[in-house]
Amino acid sequence: MTESTTPLLDLVDVPADLRRLEPEQLAGLAAELRREMIDAVSVTGGHLGAGLGVVELTVALHYVYNTPDDRLIWDVGHQAYPHKIITGRRDRIRTLRQGGGLSGFTRRSESEYDPFGAAHSSTSISAGLGMAVARDIKGADNHVVAVIGDGSMSAGMAYEAMNNAGSSDTRLLVILNDNDMSIAPAVGAMSAYLSQLISSRPYRNLRDLAKQIAQHFPKPFETTARRAEEYARGMVTGGTLFEELGFYYVGPVDGHNLDHLLPVLRNIRAAKQDAPVLLHVVTEKGRGHPFNEQSAEKYHAVQKFDVITGTQAKPKANAPSYTNVYADALIAEAEKDDRVMAITAAMPSGTGVGKFAQRFPDRAFDVGIAEQHAVTFAAGMATEGMKPFATIYSTFLQRAYDQVVHDVAIQKLPVRFGIDRAGLVGADGATHAGSYDLAYLCCLPDFVVMAAADEADLVHMVATCRAIDDGPSAVRYPRGEGVGVEMPEVGIPLEIGKGRVVREGNVVAILSLGGRLADSLIAAEDLAARGLSTTVADARFAKPLDLDLLRRLARSHEVLITVEEGSIGGFSTQVLHALATEGLLDGGLKVRPLTLPDRFIDHDSPNKQYADAGLDATAIVATALAALGQEHVVSPARA
């Protein structure tokens, strides 16, 4: 029998098992846990760096706190892979982000050890405070811990929550996982000792005694004494900012040294003080990664890889990615116009703005995880004659909707929105799907909303956005590779609100918006093989609609099918409203809108997700046949 390489980890199915180990065994357990996580992600791909950075912290938290009764909330959730392994999910960890498998983020329906689902950043403190207040109201005595990464601390929501928590008398622990910002000096034995000291009960008792004595002096003296103590402690530990927000600051502590972590966590848990505490833990993102080369993002997300060599299994691309096409097109427009600016919210590589920044460093702005600020920052630029492109994932732009409405749309400011990851996104699942931007943008007056059907069209749409100076505009485009069309040498602005017919027919009309055009053409071939002449049109614009094209399709076909990678309330709603207003539904036209279904679609490969959503070629054919009263059988083209 082969000897196990993870003998300690094999003893741990749930945290109660972990708490039976001796403290001196925990470092060995952490080493095994790190190896297990690396091996699992080598099989599935996924977020690697963040989880590797919190292995020891994960072990320490579950060892000291009585989870799941004590609530442990991981901000974003992408660092929770080690947490999943020791909370009863090790046997499924190699299904991460696969169809029917574990989520790549925390998820309430997946485990009682995930008290709050998260995949977007900066929600943990708000959720934790809500849980802590509810605990107090119920008269319970459990603990609540929120672990938030330093990147997430750049979002305003985190400070809103801290401001609220700091003004309350609620017991809550917030752990700042400082892995990149270097907001503290190197952590050593002295800072660990000081952290242990100021988190201890004797120190707190002494501090409380000093406060009681100070209360007998005149008020100005009491206030001065309190501030002097807080600032003195802040100068030693670096926590003045958090003290000003009302938190009791402890740290910095070495997040990889269990001899430092355990006593501090024990002190904090044992404290009877009803007030929020912030523990500052310094970690190394990507600690122990298997790769030879260095990465600025510490292997934030990786493809499947070889554990021995570290070589990532990156599939060979047959066409450029939409993100790269967008970046190149934006650079080309910036070459022509020095007013073109690129803005992103903490996703420079993911959006292509990092590539733009290499060419135009003074015209690229990464504002951090602050989408609200990004949009209004762009609006301010637009008032001064700049041409800002706010380039943000569809799922993250949701966080800035009030700014889109109030600061951009109402003022008709020419802010351009590059909306990456439109439609379904595969392994990241429902939390990251770009399902709603068509619905939430098409309802806004004076917005021009475009959707690229292929990479060549995206180039022209970027040029179109630059040319629009009298109001806001947006271009949405999918995740992943283009379809392999011939690329234009230069982007040429499109006529606003004009679509194109790419295939002529006279029985069925398929009006596609965005990335479903390729499947629409496959469906048309299938229908033609059944003797059903089919038109395929690319709307290009969700707003304003091409009314001339709509009239033509409605008057000369029996069936009109709209296809979009968005929820109900988007493109098809605009089309149906226009058809009804024009009286084009009065003559018996059969209209069938194909949108994303009214449910959240779980993580899987994009092809399987679109099949599940009823937005692939097979579903389009079935819809046309059903509308015509014909049975759906395998066509000669597919036999």
Side-chain angles (χ1 to χ4, degrees), residues 320-345 347-348 351-367 374-394 397 404 407-409 411-420 422 437 441 444 446-477 482 487-500 514 538-544:
S321 72
Y322 281 100
T323 297
N324 272 331
V325 170
Y326 173 84
D328 290 339
L330 191 57
I331 290 168
E333 295 303 317
E335 298 276 7
K336 304 172 193 173
D337 191 336
D338 61 9
R339 295 171 296 171
V340 170
M341 307 287 161
I343 300 163
T344 187
M347 299 298 292
T351 59
V353 171
K355 189 174 185 180
F356 181 95
Q358 293 174 4
R359 176 65 184 85
F360 297 107
D362 295 335
R363 292 157 63 182
F365 304 89
D366 179 0
V367 302
V375 171
T376 305
F377 175 60
M381 279 191 165
T383 66
E384 295 296 324
M386 297 295 107
K387 296 190 173 185
F389 281 74
T391 308
I392 301 171
Y393 289 7
S394 172
L397 188 58
V404 173
D407 299 341
V408 175
Q411 301 188 90
K412 288 191 68 174
L413 290 173
V415 174
R416 293 91 177 155
F417 292 91
I419 305 178
D420 204 333
D437 57 87
L441 291 181
L444 298 178
D446 303 312
F447 233 103
V448 175
V449 182
M450 295 170 276
D454 57 51
E455 59 270 41
D457 231 24
L458 178 55
V459 174
H460 297 311
M461 289 178 178
V462 172
T464 307
C465 283
R466 182 176 73 89
I468 296 173
D469 273 327
D470 58 352
S473 57
V475 52
R476 74 190 308 259
Y477 45 97
M487 294 294 289
E489 291 186 11
V490 295
I492 300 172
L494 303 174
E495 184 178 354
I496 302 298
K498 290 297 177 184
R500 56 174 174 163
D538 173 16
R540 278 182 163 163
F541 291 83
K543 190 172 188 180

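Below, each value reflects all heavy atoms present in this structure, side chains not excepted, and no hydrogens, waters or symmetry copies. Keep in mind that this is a model prediction, so the values were computed, not measured.
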In chain order, what residues pass the salt bridge (charged side-chain N to carboxylate O under 4.0 Å, His left out) check against [X], with sequence neighbours excluded?
X      : result
Asp337 : Arg339, Lys387, Arg466
Arg500 : Asp454, Asp457, Asp538
Asp328 : Lys355
Lys498 : Asp546, Asp548

Open item on the list: For a quick test of reading the model, state the closest non-hydrogen atom pair linking Phe360 to Ile331 and the distance between them.
Closed with: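 Minimum heavy-atom separation between Phe360 and Ile331: CE1-O, 3.9 Å.
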Among all residues two or more places apart in sequence or in another chain, which pass the side-chain contact (heavy atoms from CB on, under 4.5 Å) test with [X]?
X      : result
Ala542 : Leu438, Cys442, Val449, Leu513, Phe571
Ala467 : Pro493
Ala364 : Val353, Phe356, Ala357
Ile496 : Val448, Thr464, Ile468, Phe541, Pro544

Open item on the list: According to side chain to side chain donor-acceptor pair (under 3.5 Å), who are the partners of Tyr322, at least two apart in sequence or on a separate chain?
Closed with: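 Listed in chain order: nothing, the list is empty.
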Open item on the list: Holding to side chain to side chain donor-acceptor pair (under 3.5 Å), I want the full list of residues that pass it with Gln358, two or more places apart in sequence or in another chain.
Closed with: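 Expected list: none.
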Is there a donor in the side chain of [X] and an acceptor in the side chain of [Y], or the other way round, less than 3.5 Å apart?
X      : Y      : answer
Tyr393 : Thr351 : no
Asp407 : Thr376 : yes
Asp437 : Ser394 : yes

Task: Pairs where residues 374-385 contributes a residue and the test salt bridge (Lys or Arg N to Asp or Glu O under 4.0 Å) is met, not counting sequence neighbours - done: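 Salt bridge (Lys or Arg N to Asp or Glu O under 4.0 Å) check on residues 374-385 returns no pairs.
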TODO: Please round to the nearest 0.5 Å and tell me the distance separating atom CG of Asp420 and atom CD1 of Ile392.
DONE: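 Asp420 atom CG to Ile392 atom CD1 measures 11.0 Å (nearest 0.5 Å).
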TODO: Taking ring-ring contact (aromatic ring centres under 6.0 Å, His included) as the test, write out the residues that go with Phe365, two or more places apart.
DONE: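 Applying ring-ring contact (aromatic ring centres under 6.0 Å, His included) to Phe365 gives Phe377.
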